[in-house]
Colleague: 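Submitted below is the structure of interest, expressed as structure tokens.
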2 protein chains.
Amino acid sequence: MPDPRPSATVETICERIWLAIAERRLRPGARLKEEQLAEIFEVSRARIRQAFAMLERDGLILLVPNRGACVAEPTIDEARDVFFARRAIEGRVVERLCARIDAPGIARLRAHVEAERAAHAARDRSAIVRLSGAFHLLIAELSGAGYLQQVLRDLISRTSLITAVYQPQMVANCGPDEHADLVEAIAAGHTARAVALMAAHLDHVERDIDLQGAADPPRDLREALL
Amino acid sequence: MPDPRPSATVETICERIWLAIAERRLRPGARLKEEQLAEIFEVSRARIRQAFAMLERDGLILLVPNRGACVAEPTIDEARDVFFARRAIEGRVVERLCARIDAPGIARLRAHVEAERAAHAARDRSAIVRLSGAFHLLIAELSGAGYLQQVLRDLISRTSLITAVYQPQMVANCGPDEHADLVEAIAAGHTARAVALMAAHLDHVERDIDLQGAADPPRDLREALL
DNA sequence: GATGCCACGATTGTCGACAGGAATGTCGTC
DNA sequence: GACGACATTCCTGTCGACAATCGTGGCATC
């Protein structure tokens, strides 16, 4: 009899791999063999290859010709790059959002923060990571900046990988309080304060990265020996 | 005897299609059949499919499941989105560049402007489009904002398509003068002036789009008949 | 004993063919 | 004569297999 289950879509495969990386089940540098994954997901190699192309685009994996794929190992410099981009983009996005926020938008933001609080209370790490990223995406969506929303989706994926690499024990101070303050500033129409809060929030996250990263042993052999 | 020429790479195919769109040899909405292109480039459909994935990522073509690919037709709103993103990103990039510009960087910028002048003098439309985009990419490269450089590469591709759609007769005022002024402001270390010039430059380009766009007939059938 | 070369195994890149789905043209019926 | 259902045809989506390439281990040589 034929398999009643439909075969996994490319999106599903990407999601699963992304989750595995975010939850540190897949360590940076780990090799990803096409045939192996094809067997795991019960699909052909062609579909795995499509998923690889998307994951490489998001900076989650590194694709070397004739060498295959491995989980990316972002350097400190690349991490700084990501946060520079996020400050540049999200600053303008918040600014724009303050100029066009409406009641339904405020309600959605507050509901999201509540969901984040619930995830924190339940110690659901997977949900915390997902919701924290989704909060920033929601701000971009409500701001009406369609293209920057796509870019931000990319940046948030990379941020997840960076925190996975450089924050081994998931520091607890990344709570939803800063998000809540930001929402209230937006709701009150305090543009300058909202922009400043967003900048401070991103600086805060980046600072945690730097502290951990400095203590982390170098993963690249060349960097370890030079 | 075997064909001595190596088969076209994915990059080559993307480049050729991009050029065809930028030079208006491929009109927005034109369908792109896989097999047809496979025959033209003398490669298999798989490689065309890879190229399609890249071109869709850059927003140059639209990929509809089970329907195939066609040259994208950016709406006015999407065009505004692109310029909003460019203002947000390039403003910060110029700011950063002013803080770390050095003599070799200034030399490269001036040399590039000279190349643009030469292309204008030679009325080489293809080179003009290419160099104009490359100028903005060069600024991003020199600023050291690696990630935003990638994003900007994307945005410049989309801008090329937008100008191809909404500027049928290639307005001539998009000359290299504004680029030259910008370079000199950067060289002089006038950060605020450089940022203002970049913003004005992008506003200028966007305004030309809007004027032309309003005069353009609607391309969507529903919008044409409503 | 160390080093350079060669062959083997493994993995990726590519291709051709088959199957599935959507749009179009045609026929039968009201 | 017009509408709806069906068959056809084209195109895309997917798969399995073959060919090219790279890393690795063994072997001969210095």
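Lettering follows sequence order; numbering is per chain, from 1. Values in this document were obtained by computation on a predicted structure and should not be read as measured data. Heavy atoms only: backbone and side chains are in, while hydrogens, waters and symmetry mates are out.
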Colleague: Distance check needed: dA10(C) P versus E34(A) CD, whole Å only.
Modeller: 17 Å
Colleague: Would you mind classifying the nucleic acid contact of I48(B) as base, sugar-phosphate or nothing, using non-hydrogen atoms under 4.0 angstrom?
Modeller: nothing
Colleague: Could you check whether R86(A) and T159(A), counting side-chain N and O atoms only, form a donor-acceptor pair closer than 3.5 Å?
Modeller: yes
Colleague: Can you tell me how far P of dT14(C) sits from CD of E35(A), to the nearest Å?
Modeller: 17 Å
Colleague: Look at E141(A) together with R108(A) and state whether they make a salt bridge at an N to O cut-off of under 4.0 Å.
Modeller: yes
Colleague: When you measure from the centre of the six-membered ring of F41(B), is the NZ or CZ of R16(B) under 6.0 Å away and within 45° of the axis?
Modeller: no
Colleague: What is the separation between atom CD on Q50(B) and atom C1' on dT12(D), rounded to the nearest whole Å?
Modeller: 16 Å
Colleague: Using a cut-off of 4.0 Å on non-hydrogen atoms, how would the nucleic acid contact of R67(B) be classed: base, sugar-phosphate, or nothing?
Modeller: sugar-phosphate
Colleague: Would you mind telling me which residue lines up with the more 5' stretch of DNA chain D, G68(B) or P65(A), judged by nearest nucleotide?
Modeller: G68(B)
Colleague: Roughly how many Å is it from CZ in F41(A) to P in dC15(D), rounded to a whole number?
Modeller: 14 Å
Colleague: Does a side-chain N or O of R45(B) approach OP1 or OP2 of dG16(C) to a distance below 4.0 Å, or not?
Modeller: no
Colleague: Give the rounded distance in Å between these two atoms: CG of L37(B) and C1' of dC11(D).
Modeller: 13 Å
Colleague: Between R45(B) and E35(B), does at least one N-O distance fall below 4.0 Å, as a salt bridge requires?
Modeller: no
Colleague: Select one nucleotide: of dG21(C), dC15(C), dG13(C), the one nearest the side-chain heavy atoms of N66(B).
Modeller: dG21(C)
Colleague: If you check every side-chain atom of A46(A), which of dC15(D), dT12(D), dT12(C) has the closest atom?
Modeller: dC15(D)
Colleague: Are H112(B) and H136(B) near enough that their ring centres are under 6.0 Å apart?
Modeller: no
Colleague: Please determine if R87(B) and E206(B) form a salt bridge, counting it only when a charged side-chain N lies under 4.0 Å from a carboxylate O.
Modeller: yes
Colleague: With axes from five pairs an end, tell me the bend angle of the helix from dG1(C)-dC30(D) to dC30(C)-dG1(D), nearest 10°.
Modeller: 0°
Colleague: Tell me: CG of L63(B) to C1' of dC11(D), nearest whole Å?
Modeller: 13 Å
Colleague: Would you say the side chains of T12(B) and T9(B) form a donor-acceptor pair under 3.5 Å?
Modeller: yes
Colleague: To the nearest Å, give me how far apart CG (L32(B)) and C1' (dC11(D)) are.
Modeller: 13 Å
Colleague: Nearest whole Å is fine: how far is dC11(D) C1' from R49(B) CZ?
Modeller: 10 Å
Colleague: Among dC11(D), dT12(C), dT14(D), which is the nearest nucleotide to the side chain of K33(B)?
Modeller: dC11(D)
Colleague: Taking only the side-chain nitrogens and oxygens of R47(B), find out if one of them lies under 4.0 Å from OP1 or OP2 of dT14(C).
Modeller: yes
